[in-house]
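Hydrogens, waters and symmetry mates are skipped; everything else that's a heavy atom, side chains included, is used. So you know, we letter chains A, B, ... as the sequences are listed, proteins then strands, and number each from 1.
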Amino acid sequence: MCGRYTLRRIDAARLGVTFVEPTFDEFTDRPRFNVAPSQAVAVVRLNRDGKPAMGAVRWGLVPHWAKEPPKVRPINARAETVGSSGMFRQAFARRRCLVLADGFYEWRRDGTAKQPHFIRFPDDRVFAFAGVWERWREREGDDPLDTVAVVTTTPNAVMAPIHDRMPVILRPDDHAAWLDKETSSGNAAALLRPYADGELVASPVDRLVNSPKNDGPDCLRPAAK
DNA sequence: CCAGACGTTGTT
DNA sequence: GTCTGG
DNA sequence: CCAGACGTTGTT
DNA sequence: GTCTGG
């Protein structure tokens with residue numbers, strides 16, 4: 001997947017979760033029309049009590065064993081390797097999460113030009129990418145840096161004309177199983193497939209979104225013909 | 001055994 | 001932390 | 001992914 | 001051209 005998505009509103013009740021971290025105000029106060037890598041993103045993960053809770057982490061994974069957070073960090077993890085790669089396997093086994101969004105961008109190449117497309121559900125509902133997260137600390141007792149990567153897979157019929165990868169979008173019925181630490185790696189991996197055809201829609205949007213500085217409704221303006 | 005890597009996308 | 005390559 | 005920078009000395 | 005930052 002590309003490095004951009006949107007979160008314009010949050011329907012926490014529908015997702016069956018509660019707000020737990022103060023930093024989450026960042027999302028309730030300011031809708032995001034262009035969430036870029038390294039920014040704070042909204043996730044749902046299991047609390048210590050085993051219940052789903054909503055919070056904020058940074059987009060771009062820093063594994064717990066890193067000596068220093070690298071400047072360039074993976075924002076995506078391939079479904080084909082997320083269970084085996086040294087970078088992701090622990091997070092995949094123990095720290096799966098949901099990354100909340102209500103749409104995402106993908107660029108289609110027209111020769112040298114790059115045409116951004118916006119992909120969403122027709123009712124603009126909030127949905128969940130499959131994510132894996134990690135907690136990094138400089139040293140014992142320091143404040144943690146929590147980070148996340150979104151899992152990608154092969155495109156469905158809507159995405160195929162635009163791009164050769166797409167983020168994994170989990171159906172609500174699968175949210176609990178993805179989050180559950182007891183779910184086997186095999187069963188978790190089975191959830192990592194392209195979203196069913198026929199629900200998502202894609203449309204070209206203004207190139208305004210190409211600059212991470214732009215974060216407003218204009219990012220969703222239909223592309224000029 | 002130790003040292004070094006550990007990622008994706010897209011592009012060629 | 002854990003795996004791979006030498 | 002795209003946009004934007006692409007530098008040093010010395011000072012805080 | 002290539003790297004960094006968002």
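Distances from the side chain of K213(A) to the nucleotides dG6(E), dG4(D), dC6(B) place dG4(D) closest. Across dT8(B), dC2(D), dG1(C), the shortest atom-to-atom separation from the side chain of H64(A) is found for dG1(C). Side-chain proximity of W65(A) to the nucleotides dG5(E), dC6(B), dT8(B) is greatest for dC6(B). The side chain of R89(A) sits closest to dT2(C) out of dT2(C), dT9(B), dC2(D).
One P atom belongs to dG7(B), the other to dG7(D), and the distance between them is 29 Å to the nearest Å. Comparing dG5(E) with dT8(D), their P atoms are spaced 15 Å from each other, to the whole Å. Separating the C1' atom of dT2(E) from that of dT9(D) is a span of 26 Å, rounded to the nearest Å.
Note on V209(A): nothing from the nucleic acid sits closer than 4.0 angstrom, heavy atoms only. Across all strands shown, Q90(A) has heavy atoms under 4.0 Å from sugar-phosphate atoms exclusively, and none from any base. Using a 4.0 Å heavy-atom cutoff across all strands shown, S211(A) reaches sugar-phosphate atoms only and no base atom. Using a 4.0 Å heavy-atom criterion, one finds that S84(A) contacts no nucleic acid atom at all.
With respect to R171(A) and E199(A), a salt bridge is recorded, a charged nitrogen being found less than 4.0 Å from a carboxylate O.
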Going through the distances and angles, do D123(A) and R125(A) end up as a salt bridge (charged side-chain N to carboxylate O under 4.0 Å, His left out)? CA-CA 5 Å; D123(A) 63 0; R125(A) 66 175 176 269; 3.1 Å; yes
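Contact between V158(A) and P161(A) at its shortest, heavy atoms only, is O-CD, 3.3 Å.
Under the Watson-Crick or G-U wobble criterion, with both distances below 3.5 Å, dG6(E) is paired with dC1(D).
You'll find the side chain of P212(A) reaches within 4.5 Å of the side chain of R4(A), heavy atoms only.
Each of L170(A), T153(A), N156(A), I119(A) was checked for a side-chain contact (heavy atoms from CB on, under 4.5 Å) with Y195(A), and the lone residue meeting it is N156(A).
Both geometric conditions, a ring-centre gap below 5.5 Å and a plane tilt below 30°, are not fulfilled together for Y105(A) over the base of dC2(D).
Taking 4.0 angstrom as the limit, R73(A) places none of its side-chain polar atoms (N or O) nearer than this to OP1 or OP2 of dG5(E).
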